[in-house]
Structures are given as structure tokens and as C-alpha cells.
Amino acid sequence: MTQKYPHLCAPITLGRVNFRNRMFSAPMGGTDITADCCVGPRTPGFYELRAKGGAAAVTASELVVHPETDASHMFHLDLKTPGCLAGWTFLADAVARHGAVPSVELSHSGQYAGTYLVDKDKKKGLSQFGPSDWVRPDGIPVKALTREQIADIVKAYGDTAALARRAGFQMVMVHAGHGWLVNQFLSPAFNHRTDEYGGSFENRLRFAREVLQSVRAAVGPGFPIELRMSGAELFEGGYDLSDGCRIAHTLEELADLIHVSAGSYQFGFFRTHLPMFAPHGDNVHLAAEIKKHVSKPVATIGALNDPAQMEEIIASGKADVIYMARALLADPELPNKVTAGREDEIVRCLRCFTCMAERPTTGTRRCTVNPVIGREIEGTEVTPAAVKKNVVVVGGGVAGMKAALTAAQRGHNVTLLEKTGELGGILKSEQALPFKYEMYQLGLTLARQLDLAGVEVRLSTEATPGLLNQLAPQALILAVGSSPILPPLPGIDGDNVVVVNNYYLEKDKVADSVVVLGGGLAGCECAVHLGMEGKTVHLVEMRDSLAVDCNIRHRPILMEKVDRFTAVHLEHAGQRITPEGLVCRDKEGNEVLIPGRTVICAVGQRSNRDTVMALRSCAPWVREIGDCSRVSNITNAVYQGYHAALDI
């Protein structure tokens, strides 16, 4: 067959190891880490899924090389802990048996030890070590490593690399970016030593050089070593891209692949992990510039998930390898789909940060659009049903579409009823916000998958007891969603009022000055969008905080955008809407006018329980899913739709 993306799908050789394409799975922490920091039973399947999906390399993360000075609850690898080496061997096997190269990231958090601990108070009790004595901005003191500790850590990198090779890993990645320990030595902002490990550029590189030399001595020639670095630290006082080029050029002789990322944990998390507000590939320029200064292959990363964009990066010489992390959580089959020319079936990452919020919150992994992530041990294949049934799904939103698709994949005869003329449900409203367009795309992708799976979709068809009696379903899934809440305010039915769900249909009605009533996630994101368009935006919320329904990773960057693009009025209760704006009562009881020629109502959703109650007796087996059961989010809608279909 003719390869649509020939450069992206071309093999590459690093050291003496061959890789089947240029799409690599970036380091992501495992789903379960045992109390003694070994590989838990769920973790091999977590990495295996992306190997099955066609990635050329799959990197396990983060393997802490020196627990004595990095007390983070992350993976260890030693011979003292029973079962530790075996756990890593099973993990490497799980990746290698699908034709992917198993790799492991060798890491030391340094002054950021304990970052991912669920118990945040425990982090404050750890001893954080770094190049120099100082106090972090969050008040945690950092102790300078002694020469003896440095020598012990350097040795530990080599010892751990040797054990990783023994376990079956075919490549190792030395993490020298993102503000972790090797990067801390490289950084003029963090390294203020006056001995041979600080001061001059050459001295600041000494620790990284010794680490790489230790690893090479341990793994031998031909075994690929990858250097992961920040092309620039992207904060005042850190090193810039010109320094990044010098670092890469100086150290490339000790590595087989230069993996160029960006940023530093405490000062640039959202430059390292690009949010939905940033362009895809916003950090590629760093790799492209460094590639001009080195002879070794260069890898790039940064919210990349579009095959055409990735093909152009490789074809134009900006990089030799594309790394993806969140994109391969959303769709582990992405590389296989690219290779087969099925790019229209790719489920795109929403950049919602659900995956990254779960780890410090619950110690697990979860993906909004992929219900098996972190739960691979429970099964990743949709198994055929023993008895094929007539299934009717009512509602063509994300929950209903996921349920109908999964039921069809199990072999059931599936009919989906949607009362409007278009699938997508509440996702349709996201097409008007450029930074949330991929949520709208999710609806389009699911609709495409329904078509391929043979689901009978009946649009503009309202489900009634009479119609359901005619269809005689043996299983009925109700996914009839929710409706926007309209507060009983005088003026709410005026021509100057737009319900946030309908903004995509009524954009032309929105004037240059806007009041957004409701400071939940939907209201905040709409307000930010309008502010980015240049409108004057006032955001009104009756509670004392915004976006309480937002996860802990997405919320900080959203609040930064809210502060930049809107005027916020907390503890203001709407009283009435006038042509001049929204009259509110503040917390002191005073009436104030928040000016705006348009008022957007975003006060929340209410489950369509009346529809549920009218239909719930129309089949012998009935399941309620998504917003009609309890107003929630896309994550829960996808999970409930998937598992409802598995239960039939």
C-alpha cells in the first residue's frame, strides 16, 4: 500500500536497536506503585496498551535511581526487594512482545522530591536535596548535595541502568529536563555551587556528563541512551535556547538520541505540558533549533496528535522522532491508525488534564476519552456478547454514542435515537471555542465510529413509549442528557440573553461588552474565549470561588486566563437583566449594575429526569447514564456509556 505518512512511519536505528516508526510513547508514571515502590500488577498493562497500538518505543517512568536522597513515592529497581526485578521484567516483556522497544526513564527529583505524593503534608517532611542550599518558593528548604552524595548518585545511575538492561529493557532515558536533579545542576537559577560542579558552563555540565558516562559504562556500546532535556527553561534566570543548544552539542557524544522538551516544574509546568490554550507543537521550535547544532537524532514533544503536522515535522527536518504522551492515552491505537491511513478514526486528546490531575489526587491514572486507561488489567478488548440482543440507546450525546458503539462492537443489534438533527449533544457547543474544538471533534469521531460499527442512527426522532414498544428492545440505555438551568430572573427571556449551550448558534448576537452569569467551568471558559476575542467581559459568580468543578491541573491555567481576560465579581447574586447589563446584589447587600450589552447565562445544567421517568419501563433491562443520571462531565459520560454496554 502507499504510505500516506512515509516519514512518520519510516523506521529508525538508534545504537544497535531498530525502531519500527518515528512515533514514540513518552514517559508517563505507572498506574500503581506498591508500598515498597515496585511495579504494581496494573502497571505492565498500562504500558503494554501503547505497544499493541503501534508505538515504536514505550518508556516507563519514573525510575528513581537513588532513594536515599529522593524519597518520592515513585518506582525503584533493586535486588534487595523481593519481586522488584521480576516486576520490571514482566513490564519489559509486556512491551517487547508487541514489537515495541521497552525503555525506562532514569530519574532523580532532587529538590522536587515528593511532588506526586497524594499526602501533601508528607512532602513537607521529606529532605529535599539539590545542587545548592536554598528555600523553594513554597517554603520547603533544600539541602546542597555533598561530593560524596553526588558520587553515590552518579554510580546509582549506572547500577540502575544495568539492572534495567538485565530486566529486558532495550533503551534507557536519562531525565535531564523539567527541573529535575540533572537539570538543576545545568541551571544557573538553581546551581550556585562554587566547587567543580558549579559556576562555569563546563562545571554545571559536569554532573550530567558523569551520569551519562556511568550509564554508558554500565550498559555497554550499542545500547541506546536517550538524553531528555529542556531546550530552554523558559523562566527568568534559567538557561535559554542558546544555552540549550550548547548543552546538547556538548553532551551529544554520550547519547544516541537528544529528546528536547521544555520548561521547569515549578516555574513552567504549563510550558512543559501544553494546555488547550496553547498551539499544538508549541515547543517544536526548540528541537528544530537544537537539531542544527548536533549530529545525533533529535526527538520533539508537545501536544502533538495530528498526523499531518507530525509528518511535516519529520519531513522538514525539524526533528527525527515524535514523542506523544497524552495523545496515546486518549488513543493508544494512534500509530496503527496512522500507518493504516485511518487517521479519521483517531480519538484526539482533549488536553483537559484529567490524566495528570488523577495522579496527585488519587494516585491512579484516568483518561476522559479512554475508559480502560489505568484499568487495563480488567480487560482492554471489547469481547463479543454470548447472546446477541436488540439494544436501543436514547440520546446521541457522548454517553449515548459511547454506549451504542460499545454495544455494537459486542455484536448487538443497536439503534440510536436522537431527537435533534445532529449527534454530539452538549459537545456541539464546543465548536465555537477554538481551544475546545477537540471536544467537538470527539463527537464527530464517535459518529464516524458508529457508522463503521453499523449502528442504526435515527436523527430527528424523539423516543416515546409508543416508539419503544414498536422497537421492542431487550436492553434500553437512556442517555437523554440535561438541559440548561435558566434562573427566574426578570429579563432572562430578553433578546440580549444567550444561553451558553447555544452560543455556537448565536455568536452574532453577542455584543462587544458581555456579562457571563455563572463562574463554573463552562462560564469561565466561555468568558476567557470572549476576552481573547477582544470583548470586554465581566464574569459573575454567587459563590466565593470560580470553577470549583475543574480539576487541579486545568484550574490554575484557566484562572490565569480568567484574570487576564475578564473582570471577576465573586459573591454577586443576579437579580434582574436589563438592556444595560446584569443587576446584582453583592455580599454587603448592595445592588450594583454589572455593565454589558449581552448576558450569557451559564449557571449550570439540570438532569432530564422527566424523560427518564417516561421511558424507564419500556424494556426488561434499563440503564441510565450520563447527565440524565447525574450532571457531571465527559469523563463520567464515557465511562458510564462504555460499561453500560459491557453489562448487556
Side-chain angles (χ1 to χ4, degrees), residues 37 62-81 105-117 122-164 172 174-218 227-230 233 237-239 243 247 250-251 254 264-267:
C37 295
E62 294 183 46
L63 175 51
V64 171
V65 301
H66 197 256
E68 295 85 352
T69 52
D70 186 353
S72 302
H73 185 244
M74 294 190 287
F75 288 127
H76 299 173
L77 174 53
D78 59 58
L79 298 178
K80 296 177 294 184
T81 308
E105 181 182 49
L106 307 180
S107 182
H108 193 302
S109 310
Q111 64 193 21
Y112 296 119
T115 293
Y116 298 115
L117 286 173
K122 185 176 181 180
K123 178 173 67 173
K124 297 176 183 177
L126 298 178
S127 294
Q128 271 84 8
F129 290 94
S132 308
D133 290 324
W134 77 302
V135 178
R136 286 174 17 182
D138 56 5
I140 294 180
V142 177
K143 294 177 63 177
L145 290 164
T146 66
R147 285 190 179 89
E148 292 73 22
Q149 287 174 316
I150 291 173
D152 203 34
I153 293 170
V154 168
K155 180 177 182 298
Y157 270 97
D159 292 344
T160 309
L163 285 176
V172 292
V174 173
H175 191 0
H178 302 170
W180 264 212
L181 183 63
V182 179
N183 174 256
Q184 291 161 27
F185 273 87
L186 295 173
S187 174
F190 299 129
N191 187 347
H192 302 291
R193 299 179 72 97
T194 57
D195 61 8
E196 67 270 29
Y197 290 98
S200 68
F201 176 80
E202 292 74 14
N203 281 355
R204 284 188 283 112
L205 262 65
R206 188 181 304 277
F207 179 65
R209 180 182 293 280
E210 290 180 354
V211 165
L212 290 168
Q213 289 171 336
S214 176
V215 172
R216 175 56 72 201
L227 174 66
R228 190 186 202 194
M229 60 173 289
S230 293
E233 291 190 281
Y239 68 74
D243 293 320
I247 292 169
T250 305
L251 296 177
L254 300 171
S264 181
Y265 171 75
Q266 192 155 333
F267 302 103

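Both backbone and side-chain heavy atoms feed into the values below; hydrogens, waters and symmetry mates do not.
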Distance (rounded to the nearest 0.5 Å) between [X] [atom1] and [Y] [atom2]:
X	Y	atom1	atom2	answer
E202	T250	CD	OG1	7.5 Å
H175	S107	NE2	OG	5.0 Å
T160	F75	OG1	CZ	14.5 Å
I247	S230	CD1	OG	9.0 Å
L106	S214	CG	OG	10.0 Å
I140	W134	CD1	CH2	10.5 Å

Under a plain distance cut-off of 3.5 Å, with no hydrogens placed, do [Y] and [X] share a side-chain donor-acceptor pair?
X	Y	answer
T69	H108	yes
E233	S187	yes
H66	D152	yes

Mind running side chain to side chain contact (heavy atoms under 4.5 Å, CB included) on R136 and V142 for me, showing each step along the way?
CA-CA 7 Å; R136 286 174 17 182; V142 177; 3.7 Å; yes
Apply side chain to side chain contact (heavy atoms under 4.5 Å, CB included) to residues S264 and H178 and explain how you reach the verdict.
CA-CA 4 Å; S264 181; H178 302 170; over 6 Å; no
Are [X] and [Y] close enough that some pair of their side-chain heavy atoms sits under 4.5 Å apart?
X	Y	answer
W180	Q111	no
C37	M74	no
F190	F185	no
N183	M229	no
Y112	S72	no
P131	H192	no
P137	F267	yes
Y157	V182	yes

Please find the pair of heavy atoms, one from [X] and one from [Y], that lie closest to each other, and give the distance.
X	Y	value
D78	T81	OD1-N, 2.7 Å
P67	V64	N-CG1, 4.1 Å
A161	V215	CB-CG1, 3.9 Å
Q149	T146	OE1-N, 2.9 Å
L77	A164	CD2-N, 3.6 Å
A156	V65	CB-O, 3.3 Å

With distance as the sole test, does Q184 use its side chain to make a donor-acceptor pair with the main-chain N or O of S109 at under 3.5 Å?
yes
Between R193 and D195 (salt bridge meaning N to carboxylate O under 4.0 Å), is one present in this structure?
yes
For a side chain to side chain contact (heavy atoms under 4.5 Å, CB included) check, start with the C-alpha distance between L145 and L181, then their side-chain angles and the critical distance, and finish with the verdict.
CA-CA 11 Å; L145 290 164; L181 183 63; 4.0 Å; yes
With a cut-off of 3.5 Å and sequence neighbours excluded, list every side-chain donor-acceptor pair involving residues 204-213.
unit_1 : atom_1 : unit_2 : atom_2 : d
R204   : NH1    : L186   : O      : 2.6
R206   : NE     : E196   : O      : 2.7
R206   : NH2    : N203   : OD1    : 2.8
R209   : NH1    : E253   : OE2    : 3.3
E210   : OE1    : Y197   : OH     : 2.8
E210   : OE2    : Y197   : OH     : 3.2

